[in-house]
Number of protein chains: 2
Amino acid sequence: MRISALAEAAGLPVATVKFYLREGLLQPGVATSATQASYDESHVRRLRLVRALIGSVGLSVQQARAILELVDDPGDDLYSTLGRAVEALPPAVERREGDDPYPRARAALAALGQVFDPEYAAVAQLESALAAAEAAGMPISDERLQQYGDLLRKLAAFDLERMPEEPHAAVEYTVLGTALYEPVIVALRRLAHQDQAARLRGINR
Amino acid sequence: MRISALAEAAGLPVATVKFYLREGLLQPGVATSATQASYDESHVRRLRLVRALIGSVGLSVQQARAILELVDDPGDDLYSTLGRAVEALPPAVERREGDDPYPRARAALAALGQVFDPEYAAVAQLESALAAAEAAGMPISDERLQQYGDLLRKLAAFDLERMPEEPHAAVEYTVLGTALYEPVIVALRRLAHQDQAARLRGINR
DNA sequence: GTGATTGGATAGTGTTACTCTCCAATAATA
DNA sequence: TATTATTGGAGAGTAACACTATCCAATCAC
């Protein structure tokens with residue numbers, strides 16, 4: 001399969017496929033001569049993954065590259081690989097210095113009784129999200145935090161139970177599951193709100 | 001308060017405050033002369049909200065404007081206001097035509113027994129998220145869908161129970177709650193995964 | 001009265017994600 | 001074999017975005 005066939009199979013312009021090659025998002029094909037390379041199904045699958053990450057999940061090219069590198073070359077520690085994946089995912093936050101750089105997140109996680117590594121980017125992401133809610137005049141109450149925390153721990157437990165045994169598959173599941181399932185969760189939450197609102201509305205009429 | 005004091009109070013450059021004024025994200029101050037206007041605490045609060053939406057939640061200026069317009073001028077129907085808010089929030093999806101434009105979402109919501117309006121943007125967002133997971137080779141199983149759906153309905157029920165009575169407050173709660181609490185939920189899910197992974201890791205050693 | 005600040009308009013900047021153009025080398029077809 | 005089409009690779013161009021800077025005459029503060 002040459003590049004034009006690959007582009008067609010993936011439903012993308014050739015120029016875009018070349019761009020992804022240049023950016024290192026797509027592995028090069030096997031060069032068969034100075035001006036020809038051949039591609040296969042694995043390239044088509046990869047392009048679909050790239051489009052899913054960039055188009056649907058909304059990652060930047062840089063973020064997608066970071067995620068793909070982790071999937072391609074996961075290292076041996078699932079724990080630290082997940083850490084690096086979360087750092088690559090939005091929202092981008094800068095790591096802070098000083099004692100107690102994440103007071104809201106620390107308090108929240110302590111209230112939930114969760115263990116956490118302050119280096120893990122999600123801590124800074126939680127801090128930023130809690131600060132934004134507060135700044136906008138809608139702080140998260142302790143009660144809401146407990147409720148959210150409980151439900152999301154259940155959700156995480158479910159995910160972890162279904163993690164594949166084999167290390168490489170486990171990394172792919174964890175990293176891509178984080179990136180790909182979050183939009184599903186957000187959409188389902190919005191729909192659950194509508195479902196509940198519709199029921200209330202039905203009752204009120 | 002003049003513009004420079006306002007900018008300082010919000011921790012932003014004057015040029016940026018002017019930019020937000022131009023873009024209609026910040027309500028104009030009271031003009032006291034041809035070259036002077038006065039601002040108050042409400043402008044400071046608004047700027048904090050704008051920065052929360054743009055900086056922390058990651059909305060574009062356009063999306064933030066759409067959300068702020070809904071909060072400022074909510075109309076009388078909470079249901080349709082929430083619909084327009086969700087349309088303004090990422091991920092941006094285009095509405096599709098034809099019969100059964102959202103097959104995956106339709107099937108998923110039918111399996112969950114949820115009522116839904118196909119015009120509601122979250123349906124297209126769910127379709128896109130499910131398609132992305134599928135394209136990337138990690139489709140959402142029925143079992144996972146049930147689990148996610150159940151937990152998120154519980155979460156939505158909690159949110160709805162705490163909705164303020166007063167209509168304007170209810171709209172603000174619903175629209176801003178959707179925009180501001182989603183990042184909290186995503187961060188908490190990531191942290192719940194880490195918590196669970198750390199516990200597993202502890203057991204394995 | 002004079003230097004600083006203001007609102008308002010316009011233009012410029014850096015980043016991002018493509019998209020286009022060009023080229024000589026090669027492949028496909030007549 | 002001749003000729004037309006396509007390729008990989010490199011570079012430049014583009015459109016959108018979120019600011020940021022500059023200018024200006026009108027006003028303000030001292």
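Each chain gets a letter, A, B and so on, in the order the sequences are listed, and its residues count up from 1.
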*Please list residues of residues 49-61 of chain A whose heavy atoms come under 4.0 Å from any atom in DNA chain C, ordered by number; otherwise none.*
A:Arg51, A:Ile54, A:Ser60, A:Val61

Name every donor-acceptor pair, under 3.5 Å, that has one atom in a side chain of residues 115-132 of chain A and the other anywhere in the protein, sequence neighbours excluded.
residue	atom	partner	partner atom	Å
A:Asp117	OD1	A:Glu119	N	2.8
A:Tyr120	OH	B:Arg190	O	3.3
A:Gln125	OE1	B:Arg190	NH1	2.8
A:Gln125	NE2	A:Val86	O	3.3
A:Gln125	NE2	A:Pro91	O	3.3
A:Glu127	OE1	A:Arg104	N	2.9
A:Glu127	OE1	A:Ala105	N	2.8
A:Glu127	OE2	A:Arg104	NH1	2.8

*In whole angstroms, how far is the P atom of C:dT6 from the CG atom of B:Leu21?*
13 Å

Enumerate donor-acceptor pairs with a distance under 3.5 Å from any side-chain N or O in residues 14-27 of chain B to protein atoms, sequence neighbours excluded.
residue	atom	partner	partner atom	Å
B:Tyr20	OH	B:Arg51	NH1	2.6
B:Glu23	OE1	B:Arg65	NH1	3.1
B:Gln27	NE2	B:Ser42	OG	3.4

*Within residues 40-95 of chain A or reaching into it, pairs that qualify as ring pair (Phe, Tyr, Trp, His ring centres under 6.0 Å) - sequence neighbours excluded*: A:Tyr39-A:His43

*Heavy-atom distance under 4.5 Å between the side chains of B:Val175 and B:Leu82, does that happen here?*
no

Protein N or O to nucleotides 10-13 of chain C N or O, pairs below 3.5 Å:
residue	atom	partner	partner atom	Å
C:dT10	O4	B:Arg22	NH1	3.4

*asked:* Rounded to whole Å, how long is the line connecting atom CD of A:Gln62 with atom C1' of C:dC18?
replied: 16 Å

_Judged by each residue's nearest nucleotide on DNA chain D, which is more toward the 5′ side, B:Arg2 or A:Ser4?_
A:Ser4

*State which residues pass side-chain contact (heavy atoms from CB on, under 4.5 Å) with A:Ala135; sequence neighbours excluded, sorted by chain then number.*
B:Arg48

*Identify, residue by residue, the members of residues 27-43 of chain B with a heavy atom below 4.0 Å from DNA chain C, and return them in order of residue number, or none.*
B:Thr35, B:Gln36, B:Ala37, B:Tyr39

*Name all pairs fulfilling the ring pair (Phe, Tyr, Trp, His ring centres under 6.0 Å) condition that reach into residues 138-191 of chain A, sequence neighbours left out, sorted by first residue then second.*
none

*asked:* From CZ of A:Phe19 over to C1' of C:dT15, roughly how many Å is that when rounded to an integer?
replied: 12 Å

_Please identify which of these residues, A:Leu155, A:Leu152, A:Leu160, meets the side chain to side chain contact (heavy atoms under 4.5 Å, CB included) condition with B:His193._
A:Leu160

*asked:* Measure CD/A:Glu23 against P/D:dG9 and give the value in whole Å, please.
replied: 15 Å

*asked:* What is the distance, to the nearest angstrom, from the CD1 atom on A:Ile3 to the P atom on C:dT19?
replied: 14 Å

*Interatomic distance where CG belongs to B:Leu12 and P belongs to D:dC19 [whole Å]*: 9 Å

*Roughly how many Å is it from CG in B:Leu6 to P in C:dT6, rounded to a whole number?*
11 Å

*A:Asp150: partners by salt bridge (charged side-chain N to carboxylate O under 4.0 Å, His left out), with sequence neighbours left out*: A:Arg153

_So, does B:Tyr20 get its side chain near the phosphate of D:dA18, meaning an N or O under 4.0 Å from OP1 or OP2?_
no

*Apply salt bridge (charged side-chain N to carboxylate O under 4.0 Å, His left out) to B:Asp73 and list each qualifying residue two or more places apart in sequence or on a separate chain.*
none

*asked:* Test of understanding: with salt bridge (charged side-chain N to carboxylate O under 4.0 Å, His left out), list the residues that count as partners of A:Asp40, not counting sequence neighbours.
replied: none

*Of all residues at least two apart in sequence or in a different chain, which pass the salt bridge (charged side-chain N to carboxylate O under 4.0 Å, His left out) check with B:Arg162?*
A:Glu143

*Starting from C1' on D:dG8, measure out to CG on A:Leu26 and report it in whole angstrom.*
13 Å

*Looking only at side-chain atoms of A:Ala15, point me to the closest of D:dC19, C:dC20, C:dA28.*
C:dC20

